[in-house]
Number of protein chains: 2
Amino acid sequence: MPIMIKHRAIRDALLGRIVSGEWAPGRVIPGEVDLAREFGCTRATVARALRELVAAGLVERRRRGGTRVLGRSGRDAVVTIPIVREEIEAAGHAYGYERLTVREADPPEPIRQAFGLRPGAAAVHVACLHRADGRPAQVEDRWINAAAVPAVRTQDFRTVSPNEWLVRAVPYTRARHEFRAERPTDRLRGLLDLAPDEWVFVVERRTWREDAGITVAHLYNPADRFRITTRDPVAFGVDPGAG
Amino acid sequence: MPIMIKHRAIRDALLGRIVSGEWAPGRVIPGEVDLAREFGCTRATVARALRELVAAGLVERRRRGGTRVLGRSGRDAVVTIPIVREEIEAAGHAYGYERLTVREADPPEPIRQAFGLRPGAAAVHVACLHRADGRPAQVEDRWINAAAVPAVRTQDFRTVSPNEWLVRAVPYTRARHEFRAERPTDRLRGLLDLAPDEWVFVVERRTWREDAGITVAHLYNPADRFRITTRDPVAFGVDPGAG
DNA sequence: AGCCATTTGTTCGTATGTATG
DNA sequence: TCATACATACGAACAAATGGC
């Protein structure tokens, strides 16, 4: 049993009063000096505990106004974007990778806009197929901004998937994702071996480095065997470790 | 122009060195005392800046081992679970609500397990339909644990949707979501006025209070006109406010 | 509108504990 | 073993914002 870490104990004690309803949303809780006296520590320690509750979105603080409990609209959640290779191997299946096509070309209009490229500027397009025990699991369709990532021209992606190459080679500063379901094209239906009426679950991933677009990827998954799950954003609710 | 806040300035300076690639993943960055000397402050201030980078998942710290830059697998993102009424009104449509059924009954096995209920224990089931300008937008199918939320028996949900009633009346401590696409039942196809081959995008939401399950909801959306988007978890990358 | 006490926000310097290479 | 570097905490001081008189 680890010894008690004060700021964490305080944070958890306050958390308990909030989730138990003892301190209802809207209520102003005692000030730092009062809490410091109650818990037998200095203001700085209480402040640190409160700062974590702010980061978790549970309370709001204002000078002079004190610390107020927020109502949890409770709509924020954290998703871990799955990496198909890891998912397949974690499930105990054999991972298979096959590059379908790679070419340098003029990207279509929506992609060009995402990259902020002028017409005629070049980009690299890669399509590939990921398998689990030989069965198609995901089609990856990706554009990479050749201006932002010159090294992409030297890659043929024959054995390394663009996904894995990019995370290693190219740092990015922003990412955005979109989840949706789509009617598959005939090509997708064939590649993924879909049931006649089956749709695809699409994960669209875009990354930027500062303001320059790096890549736009469409990850097509058979909707019958794909899902995305979330977890709570308040990490310390379940894991007190990350302080 | 706000005056410089040291720990924030330091945090951003370090962030810049990381995202620019000057400090590549795997590299051990200078220690707290060195950074404190460089930035002209005390160790505590540097430590606070570094703590935020840890929280953001950009670096890893170990006693004696120092602070190491992490490769961004970059898979964490934040989703805001959409509330159908807000989405519809934000889009400038008229929101319509219709309760379909409400009854107290024995929940099916998967729901019972989620609630941790013994067979025979009662729960309330509600089904309702949300509309945008009269057009069906979402079917909400929900079980509520009557043991954990006794007040649910007094509600008929004729005018207030279970969603909005719950967020007001029942605090929760944990939530989990799952996104997937499904072949609709005939009933759903009719209710949502789906195209003949159209699938539904399902948001499954479960909430708990401590260890007691509160509710399991299935939100069925026409896949043709529904999507979920994410944003970056590193708040200070775009908004320096949340320190 | 303006003053002012209150409360949070930031930083300092110091001290000591703890994991670890 | 032991020096190292992070981790926690203290007490003090001043700055900045702001709600209420």
Side-chain angles (χ1 to χ4, degrees), chain A residues 1-15 17-18 23 26-70 235-236 239-243, chain B residues 1-15 17-18 23 26-70 235-236 239-243:
Chain A
M1 188 167 71
I3 41 164
M4 180 167 65
I5 292 164
K6 282 194 179 180
H7 75 264
R8 192 167 295 165
I10 296 168
R11 174 247 271 163
D12 290 342
L14 302 180
L15 174 66
R17 292 177 198 180
I18 291 171
W23 286 347
R27 165 161 184 174
V28 175
I29 76 174
E32 289 185 354
V33 281
D34 289 337
L35 291 173
R37 193 165 36 232
E38 175 188 346
F39 289 103
C41 64
T42 57
R43 253 192 73 204
T45 305
V46 169
R48 177 161 177 189
L50 288 168
R51 201 156 54 232
E52 296 195 29
L53 295 180
V54 171
L58 292 170
V59 302
E60 171 191 57
R61 315 192 70 199
R62 284 234 266 274
R63 292 188 232 255
R64 166 76 196 186
T67 301
R68 184 178 304 270
V69 178
L70 291 176
F236 55 77
D239 170 19
Chain B
M1 187 167 70
I3 40 158
M4 180 165 60
I5 293 164
K6 280 195 178 180
H7 70 82
R8 190 167 295 165
I10 294 168
R11 173 249 270 164
D12 289 342
L14 301 180
L15 173 65
R17 293 177 196 179
I18 291 169
W23 286 347
R27 163 157 185 177
V28 175
I29 75 174
E32 288 184 354
V33 282
D34 289 338
L35 291 173
R37 194 165 34 233
E38 175 187 347
F39 289 103
C41 65
T42 57
R43 262 191 65 206
T45 305
V46 168
R48 176 162 177 188
L50 287 168
R51 200 156 54 232
E52 295 196 31
L53 295 179
V54 171
L58 292 170
V59 302
E60 172 190 56
R61 314 192 70 195
R62 283 231 267 274
R63 296 183 223 264
R64 164 74 200 188
T67 300
R68 185 179 303 270
V69 178
L70 291 175
F236 55 77
D239 171 18

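The chains referred to below are lettered A, B, ... by the order of the sequence lines, with proteins before strands, and numbering in each begins at 1.
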Fill in: Closest contact, heavy atoms only, V59(B) versus L50(B)
CG2-O, 4.3 Å
Item to complete: Round to a whole Å and report the spacing from CZ of R11(A) to P of dT8(D).
Response: 10 Å
Could you run down the sub-3.5 Å N/O contacts of the protein with nucleotides 9-13 of chain D?
{"unit_1": "dA9(D)", "atom_1": "OP1", "unit_2": "K6(A)", "atom_2": "N", "d": "2.2"}
{"unit_1": "dA9(D)", "atom_1": "OP2", "unit_2": "H7(A)", "atom_2": "N", "d": "3.2"}
{"unit_1": "dA9(D)", "atom_1": "OP2", "unit_2": "H7(A)", "atom_2": "ND1", "d": "2.8"}
{"unit_1": "dC10(D)", "atom_1": "OP1", "unit_2": "K6(A)", "atom_2": "NZ", "d": "2.8"}
{"unit_1": "dC10(D)", "atom_1": "OP2", "unit_2": "T42(A)", "atom_2": "N", "d": "3.2"}
{"unit_1": "dC10(D)", "atom_1": "OP2", "unit_2": "T42(A)", "atom_2": "OG1", "d": "3.2"}
{"unit_1": "dC10(D)", "atom_1": "OP2", "unit_2": "T45(A)", "atom_2": "OG1", "d": "2.6"}

Discussion item. Rounded to whole Å, how long is the line connecting atom CZ of R68(B) with atom P of dA19(C)?
Written reply: 20 Å
Item to complete: Specify the separation, in whole Å, of atom CD1 of I10(A) and atom C1' of dT8(D).
Response: 12 Å
Worksheet, complete the sentence: Scanning both residues in full, the closest heavy-atom pair of G40(A) with K6(A) reads O-NZ, 3.1 Å
Worksheet item: Any side-chain N or O of R61(B) under 4.0 Å from OP1/OP2 of dA5(D)?
Response: no
Fill in: N/O (side chain, T67(B)) to phosphate O (OP1/OP2, dC6(D)) under 4.0 Å
yes
Practice prompt. State, to 0.1 Å, how close F39(B) and I10(B) come at their nearest heavy-atom pair, and which atoms those are.
Written response: CG-CG1, 3.7 Å
Practice prompt. Rounded to the nearest angstrom, tell me the gap between atom CD in E32(B) and atom P in dC12(C).
Written response: 13 Å
Worksheet entry | Distance, rounded to the nearest Å, where E52(B) contributes CD and dG9(C) contributes P | 13 Å
Worksheet item: Atom CZ in R11(B), atom CG in L58(B): separation rounded to 0.5 Å?
Response: 10.5 Å
Fill in: Within-4.5 Å side-chain heavy-atom neighbours: L53(A) and T67(A)
no
Write down the protein N/O and nucleotide N/O pairs, taken from nucleotides 17-21 of chain D, whose separation is under 3.5 Å; answer none if there are no such pairs.
{"unit_1": "dA17(D)", "atom_1": "O4'", "unit_2": "R63(A)", "atom_2": "NE", "d": "3.0"}
{"unit_1": "dT18(D)", "atom_1": "O4'", "unit_2": "R63(A)", "atom_2": "O", "d": "3.4"}

Item to complete: Please name the residue in the list R37(A), R48(A), R61(A) that meets the salt bridge (charged side-chain N to carboxylate O under 4.0 Å, His left out) test with E32(A).
Response: R61(A)
Practice prompt. For I29(B) and dA5(D), give me the distance from atom CD1 to atom P, rounded to whole Å.
Written response: 13 Å
Worksheet, complete the sentence: Looking only at heavy atoms, the pair that brings G57(B) and L70(B) closest together is O-CD1, 3.6 Å
Worksheet item: D34(B) has an atom CG; how far is it from atom C1' of dT4(D), in whole Å?
Response: 12 Å
Worksheet entry | Which atom of V28(A) lies closest to which atom of G65(A), heavy atoms considered | CG1-O, 4.0 Å
Discussion item. Using only atom types and a distance under 3.5 Å, with no angle test, would you say the side chain of R68(B) pairs donor to acceptor with the backbone of R27(B)?
Written reply: no
